[in-house]
Amino acid sequence: MTSLQDPSKNAGPKSPSRRAVLVALGVLPVLSVALPHSSAAAAAAAAVAVDPSARRQTIRGFGGMNHPAWAGDLTATQRDTAFGNGAGQLGFSILRIHVDENKANWGAEVATAQRAVALGAIVFASPWNPPASMVETFTHGSQTDAKRLRHDMYGAYAQHLNDFTTFMKSNGVDLYAISIQNEPDYASTWTWWTASEIVTFLRNNAGSISTRVIAPESFQYVKSMSDPILNDSTALANLDILGAHLYGTAFSNFPYPLFQQKGQGKELWMTEVYYPNSTDSADLWPAALGVGEHMHHAMVDAEFQAYVWWYIRRSYGPMREDGQISKRGAMMAHFSKYIRPGYVRINATSNPQTNVYTSAYTGGSTVVIVAVNKATGSVSQQFTLANTTATGLASYVTDASRTLATLNGPSLSNGTLTAALPAQSITTFVVTVGTSGGTDTTPPTTPGAPTASALTASSVTLSWAAATDNTGVTGYDVVRFSGSTETVIASTTGTSTTVTGLSAGTAYTFAVYARDAAGNRSTRSSSVTVLTGTTGGSTGNCAVGYQVTGSWSGGFQGEIVIHNTGTTALDGWTLAFTFTAGQTIAQMWGGTSTQNGSTVTVTPVDYTRKIPAGGSVSIGFLANQGSTNPTPTAFTLNGGTCTTA
């Protein structure tokens, strides 16, 4: 049976095919079969209730991968087709690129990335291998020449990722994020990582990376690769985006309750997939309609904020080799052209009748509804918009004979529309709501990241740099996160607000949006996480966590986490503690140590010098030990006594 994996992506005689891996795991994706249309079922169909006030995840965008070394670079025309949003264009807003292990090859990524940025897209990067000098071989199952990053090279590897970020920035491409490793759990021809190794790198080294950090990019959204990150507060603090691939992942495994519980302030992205295979033509119909259903479940069930295809231009991809949009590409375009960066998914009935899947999104003065009908006959579906006034409607359809075609109708009355969804089709409805503010469709720029001050056990004051707008910013919405769901907790016309009613000793994550008079909303600012104080407090407004993370005969590895529980940021600090059994520090990262007898004094390095109010920094070290290794019992920060965390 032909491999699902593109040969150019996973070459080599020792490489197991992705299909073989999926069969072994018992999770090979199977195309669902549409049931015949039933008029009785249509009569009983529930109306799709769309509520713009019930907001879910913020959408970062939709896009794909460009890999010049493996698939050839996009041409100038193809770049515009991918990232432009006019007729016959995909409207992609995300480009994924490759971090080559050889710096001499980095220039190949520049041209397409520059054009994507010029057309309004964001760019992120993923590595397959570190430089060869940082890698060692080991035995992984039956693979005797498996590769992994040497543990003493973690710092050098972080610098390698930083060097790529700096290179791209010097060429006019400010990376939105960079990944630690592509598919660390499916690495027969690239570099393996265990979940524990990823946690260690995040804890000790990712804090030095100068852009947002993505991990783990598991090839099948294997939760055991990401659970340890979510369960480690220090590793999680250095993670910005939890990335996942969806090769063979069942829809039932799309939800991630632990992320919803612990991922406050983090983004959740689907960073690579092709679906349902890499063997069929991307124009095969109705197979291509499966991409629309897959995207529906990714947005609704998984609550991903980004959906990124593998190769942009490929026989099975969104763009054919001739540079034209394929049927699979049209499925993506029904989302990407109309659901723009910064839009928010809103509550809508997701499966109102058999074989019909609907989702809804809002941005500015627009509500977008995407409806997938897998039935073999046309169905009638009613949509009702709550808590808003609808004033206009445009509709677009793709089916067996049409691709992103404009529809006449349906009619819209008092916030209700009843549409005939064609057989085996996807339809996007773009609804204008409220007042559109004339022709102004330009959102404000992104506000500055909020900073925290006056932090107490129950309140915090947030301040941010102002946004700008072509007609003027009229206000700001401050949001608090719970997983990928955000809640507006304050609206103000100024650039600061005080949030009250918080619980003591609790972490909260906040960000800000700007609004203009037309209702256009900016993209979300960077976030800030604060830890509210406790009623008792501590003399030094600090708490210190200390743990041994590994040990061997005569030595051990440890970690120290310093929490600023005060109400103002620290800019420079000195930590002191005492070993009681003759332990001595041999090496430290995240800080600089001096030891006088049993007393250890630690000062920061550049990237740990500042600790925001409610924030923390992590320091790792290697040390020698005697016959015992007791934990220090007392810590001081800038002379004040800290509690132990």
Side-chain angles (χ1 to χ4, degrees), residues 31-32 34 59 61-65 74 77-95 119 121 246 270 273-299 306-340 343 355-361 368-376 378 394-408 419-430:
L31 286 177
S32 59
I59 304 303
F62 306 87
M65 176 86 186
L74 298 178
T77 299
Q78 291 165 356
R79 293 165 190 154
D80 286 0
T81 299
F83 301 101
N85 200 20
Q89 297 178 325
L90 285 163
F92 281 177
S93 50
I94 298 179
L95 168 65
L119 291 170
L246 293 180
M270 197 291 293
V273 78
Y274 51 73
Y275 186 89
N277 55 45
S278 63
T279 55
D280 290 338
S281 163
D283 288 313
L284 184 64
W285 193 265
L289 187 60
V291 175
E293 183 189 3
H294 192 262
M295 294 182 71
H296 166 88
H297 289 292
M299 296 293 105
Y307 187 99
V308 181
W309 193 267
W310 179 226
Y311 291 136
I312 294 174
R313 185 197 64 224
R314 211 63 168 173
S315 62
Y316 56 85
M319 183 190 299
R320 300 194 304 255
E321 292 291 352
D322 64 2
Q324 301 303 305
I325 294 176
S326 68
K327 286 290 192 181
R328 289 184 181 181
M331 296 302 100
M332 294 190 69
H334 271 275
F335 291 83
S336 58
K337 287 178 71 67
Y338 311 108
I339 304 163
R340 302 303 295 167
Y343 278 38
N355 286 316
V356 174
Y357 302 93
T358 57
S359 59
Y361 312 81
V368 178
I369 303 169
V370 183
V372 177
N373 175 25
K374 294 183 64 184
T376 55
S378 174
S395 308
Y396 309 89
V397 68
T398 296
D399 58 12
S401 61
R402 295 172 288 186
T403 301
L404 293 166
T406 301
L407 283 175
N408 293 322
L421 305 178
Q424 295 179 322
S425 68
I426 183 170
T427 307
T428 298
F429 303 99
V430 181

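These values consider heavy atoms only, across backbone and side chains, with no hydrogens, waters or symmetry-generated copies. Along the sequence shown, residues carry numbers from 1.
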Check whether any side-chain heavy atom of [X] sits under 4.5 Å from a side-chain heavy atom of [Y], and report yes or no.
{"X": "Arg320", "Y": "Asp283", "answer": "yes"}
{"X": "Arg328", "Y": "Asp280", "answer": "yes"}
{"X": "Tyr338", "Y": "Phe429", "answer": "no"}

List in chain and number order the residues that pass side chain to side chain donor-acceptor pair (under 3.5 Å) with [X], two or more places apart in sequence or in another chain; answer none if no residue qualifies.
{"X": "Glu321", "value": "Arg313"}
{"X": "Thr403", "value": "Lys327"}
{"X": "Ser359", "value": "Tyr361"}
{"X": "Asn408", "value": "none"}

Report the C-alpha separation of Tyr396 and Thr427 in whole Å, then their side-chain angles, then the decisive distance to 0.1 Å, and conclude whether the side chain to side chain contact (heavy atoms under 4.5 Å, CB included) test is met. CA-CA 6 Å; Tyr396 309 89; Thr427 307; over 6 Å; no
Set of ring-ring contact (aromatic ring centres under 6.0 Å, His included) partners for His297, sequence neighbours left out: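 Once residues adjacent in sequence are excluded, the partners of His297 under the ring-ring contact (aromatic ring centres under 6.0 Å, His included) criterion are Phe251, Tyr357.
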Set of side-chain contact (heavy atoms from CB on, under 4.5 Å) partners for [X], sequence neighbours left out:
{"X": "Ala400", "answer": "Trp285"}
{"X": "Val308", "answer": "Ile94, Arg96, Phe124"}
{"X": "Leu119", "answer": "Asp80, Phe83, Arg115"}
{"X": "Thr358", "answer": "Val48, Pro352, Val356, Ala371, Phe383"}

For His294 and Tyr307, take the angle between the two ring planes, folded into 0 to 90°, and tell me which bin it lands in: parallel under 30, tilted 30 to 60, perpendicular over 60. perpendicular
So, does [X] use its side chain to make a donor-acceptor pair with the main chain of [Y] at under 3.5 Å?
{"X": "Gln78", "Y": "Leu74", "result": "no"}
{"X": "Lys337", "Y": "Gln89", "result": "yes"}
{"X": "Ser278", "Y": "Tyr274", "result": "no"}
{"X": "Ser336", "Y": "Met332", "result": "yes"}

Atom CE of Met319 and atom CZ of Arg79: how far apart are they, to the nearest 0.5 Å? 11.0 Å
Separation of Thr428 OG1 from Ile339 CD1 (nearest 0.5 Å):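 Going from CD1 on Ile339 over to OG1 on Thr428, the span is 7.0 Å.
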For Arg340, which residues count as a salt bridge (charged side-chain N to carboxylate O under 4.0 Å, His left out) partner, sequence neighbours excluded? none
